[in-house]
Amino acid sequence: MSEIMRSGKNFIGYEYKEVVVSDDKASMYIDGYSNFGWELDENFSYDNTVRIKQGQVKIHMTKIRLKRDRKIINKMELTRLQQHFEACMNEIDILERSKTLFATMLSILVGLVGTAFMALSVFAITSETPHIILCIIFAIPGFVGWTAPCFVYRVLMKSRTEKVMPLIENKYDEAFEICEKGNKLLLK
């Protein structure tokens, strides 16, 4: 047995962490975790992406494998700051998803109402005694209901983005401050 193995003085014990994040936020997570004592595990390559299908949309995710020394100083405080950082990043994801959620739901609702009016128009014209005037009255909001969802989505998405972007920027600033605190603790 070698001298290093017997004395145990040069041995470094690591704890490992694996995080799966979207491709656009991978660098933010890598930089953020480095402020809490984590470093990339050189035993793994990072060119592989995990693809998640949500309906017809493919989301590209990156699996990040990290390691850190188990005997790191201020580990408890760094872990607390790390959890706060993760909470900020989760809130950013929620805020970004909320930009499209309301606009999508209202656009679908407008499209469904338009479809209902178009169905009423068809029923009015195909009845035993066709009601042409009633068919036209129902067809006009039906046509508008079929063409309006695109415009409704754009307008609502723009207004929601204007409301949410300052909140997202504040969360990024908060995450940056947390990383600065963690970096100061590491340097002590």
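- Residues Gly37 and Leu186 approach most closely at N-CD1, 3.4 Å, considering heavy atoms.
- Side chains of Arg65 and Tyr16 form no contact here, defined as non-hydrogen atoms less than 4.5 Å apart.
- Atom CG in Asn170 sits 10.0 Å away from atom CG in Leu95 (nearest 0.5 Å).
- Hydrophobic clustering (side-chain heavy atoms under 4.5 Å, transitive across Ile, Leu, Val, Met, Phe, Trp, Tyr) keeps Met157 apart from Ile94.
- For Lys75, the side chain to side chain contact (heavy atoms under 4.5 Å, CB included) criterion is met by Glu15, Arg68, Ile72, Thr79, not counting sequence neighbours.
- Here the closest non-hydrogen pair linking Phe85 and Met28 is CZ-O, 3.9 Å.
- Under a 4.5 Å side-chain heavy-atom criterion applied to ILVMFWY residues, the cluster that includes Leu120 comprises Val113, Phe117, Leu134, Phe138 as well.
- When all heavy atoms are compared, the tightest approach of Ile178 to Cys88 is CD1-SG, 3.8 Å.
- Contact of the Ile132 side chain with the Ile125 side chain is registered, since non-hydrogen atoms from C-beta on lie closer than 4.5 Å.
- For the pairing with Ser107, the side-chain contact (heavy atoms from CB on, under 4.5 Å) check across Leu156, Val152, Val155 returns one residue only, Val152.
- In terms of heavy-atom proximity, Leu40 sits nearest to Lys67 at O-CE, 4.3 Å.
- Applying the salt bridge (charged side-chain N to carboxylate O under 4.0 Å, His left out) criterion to Glu174, with sequence neighbours excluded, gives Lys171.
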